[in-house]
2 protein chains.
Amino acid sequence: MQRRILSDQQCSVARTLDIVGDRWTPLVLRDIALGISRFDAIQADLGVSRKVLTQRLDALVEHAVLVRVPYSEHPPRYDYRLTEKGDDLALVLLALQQFGDKWAYGGEPPIQWRHLSCGQLSAPVACCDKCGEPVRPGDAIPLRGPSFDETSAPAIAEALDEIAAAFG
Amino acid sequence: MQRRILSDQQCSVARTLDIVGDRWTPLVLRDIALGISRFDAIQADLGVSRKVLTQRLDALVEHAVLVRVPYSEHPPRYDYRLTEKGDDLALVLLALQQFGDKWAYGGEPPIQWRHLSCGQLSAPVACCDKCGEPVRPGDAIPLRGPSFDETSAPAIAEALDEIAAAFG
DNA sequence: GCGAGTGAGTTCCCAAAAGAAACTTACGCT
DNA sequence: AGCGTAAGTTTCTTTTGGGAACTCACTCGC
């Protein structure tokens, strides 16, 4: 029996979960995003087993989310750094953090962000890229996109039709 | 040996991962957010094993992310629906979807959103809640927040200090 | 030159979680 | 009485994860 691969699903969420869909990968990325970039430092900070950390780092490099930047040859030693793709994944981390700040810490978070351009303590909000207004779930409705495949996801197709019917 | 509980870490990301930190939970939430709200329908759509689905739904109800809304007694049958907390988690799904739309589908996503108030096809962008400008990783720097605990996360503390030093 | 230390894995063994598929319970329908 | 349906539960087997010890290729202090 194989571990279920999610990428066969025609869904952006499923595809992304093939990269970050486990307990450790997002925390590894968080550490690297904060500048904790070496194997032993990450291992010590998270307490993850060395075997699992090796597997996760290899997978992230494989997915081009991380790059190994050598800081020594003989023996080869690297810093792990985010690629541009990794920076985009950091936005997912930010969303996880926002949720935890609100629901696990009641607005007294362990870490805050200062927005460099405006200088203020900043919490990211999801906004519509067209009108710039903040978007909450319920403010937008899902529709078939260019690569939607009717036959491979009949239950989703039906759900979309029901939503479309409800909103004219 | 126990499965590692992440909530002991003083980190909003880790706390949130105790709820959605596996391959199936986010997909279950996605289905429910789209209106696929019954056990068999979710199971058929995702192909997840019934045992795992039971465990995930129970955990989500436990975490108050979902509620069971009865549609039949004798035998008891429920629709699963998102709570307000669940709606907030949907923002994490949105971030996962954004990433997948860009990196797994190259901008040709299977599902799009129409923003009801402006009527346009909308992609959510993370924006600063103070100045309203879009935020990219690198546009903001992390600082100690009110509940930061110096001693329990020395590696993070050091990383924050380095960042603070670099940005004055 | 030699033993101790460091960084990054690798290997082994055992416990826990996931997958598949069959079984159960409590109905409603004909 | 027998079939169908919804929502689990159980059993059995394969994978994956945790913990700790081991390896390898150096560097440094003496």
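Just so you know, these numbers use all the heavy atoms, side chains as well, and skip hydrogens, waters and symmetry mates. Keep in mind that what you see is a predicted model, and the values were worked out from it rather than measured.
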Checklist entry - In the hydrophobic cluster built from side-chain contacts under 4.5 Å, what are the other members alongside A:Val69? => result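 Besides A:Val69, the cluster holds A:Val67.
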Can you tell me how far [atom2] of [N] sits from [atom1] of [X], to the nearest Å?
X	N	atom1	atom2	value
B:Leu27	C:dA18	CG	C1'	15 Å
B:Leu46	C:dA18	CG	C1'	15 Å
A:Gln43	D:dG19	CD	C1'	10 Å
B:Leu53	C:dG19	CG	C1'	13 Å

Indicate every side-chain donor-acceptor pair of residues 84-94 of chain B with a distance under 3.5 Å to a residue at least two apart or in another chain.
{"residue": "B:Lys85", "atom": "NZ", "partner": "B:His63", "partner atom": "O", "Å": "3.0"}
{"residue": "B:Asp88", "atom": "OD1", "partner": "A:Arg136", "partner atom": "NH1", "Å": "2.6"}
{"residue": "B:Asp88", "atom": "OD1", "partner": "A:Arg136", "partner atom": "NH2", "Å": "3.2"}
{"residue": "B:Asp88", "atom": "OD2", "partner": "A:Lys102", "partner atom": "NZ", "Å": "2.7"}
{"residue": "B:Asp88", "atom": "OD2", "partner": "A:Trp103", "partner atom": "NE1", "Å": "2.8"}

Checklist entry - Just wondering, are more than 12 heavy atoms of other shown residues or ligands nearer than 6.0 Å to CD in A:Gln43? => result yes
Next on the checklist: For C:dA17 and B:Trp24 - does any side-chain N or O of the residue sit under 4.0 Å from the phosphate oxygens OP1/OP2?
Outcome noted: no
Checklist entry - Is the distance from OP1 or OP2 of C:dA18 to the nearest side-chain N or O of B:Arg56 less than 4.0 Å? => result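 Answer yes for this pair, as a side-chain N or O of B:Arg56 is under 4.0 Å from OP1 or OP2.
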Checklist outcome for this item: Given protein heavy atoms under 4.0 Å, the one-letter contact record of nucleotides 3-13 of chain C, with B base, S sugar-phosphate only and - none, is simply ----BBBBBB-
Checklist entry - For A:Asp40, which residues count as a side chain to side chain donor-acceptor pair (under 3.5 Å) partner, sequence neighbours excluded? => result A:Arg50
Checklist entry - Can you name the residues that form a side chain to side chain donor-acceptor pair (under 3.5 Å) with B:Ser152, not counting sequence neighbours? => result B:Asp149
Checklist entry - Looking across every strand, which nucleic acid part, if any, lies under 4.0 Å from B:Gln55 by heavy atom: base, sugar-phosphate, or nothing? => result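 Counting heavy atoms under 4.0 Å across all strands, the contact made by B:Gln55 is with sugar-phosphate only.
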Which donor-acceptor pairs under 3.5 Å do side chains of residues 112-119 of chain B form with protein atoms, sequence neighbours excluded?
{"residue": "B:Trp113", "atom": "NE1", "partner": "B:Gln97", "partner atom": "OE1", "Å": "3.1"}
{"residue": "B:Arg114", "atom": "NH1", "partner": "B:Gly119", "partner atom": "O", "Å": "2.7"}
{"residue": "B:His115", "atom": "NE2", "partner": "B:Ser117", "partner atom": "OG", "Å": "3.2"}

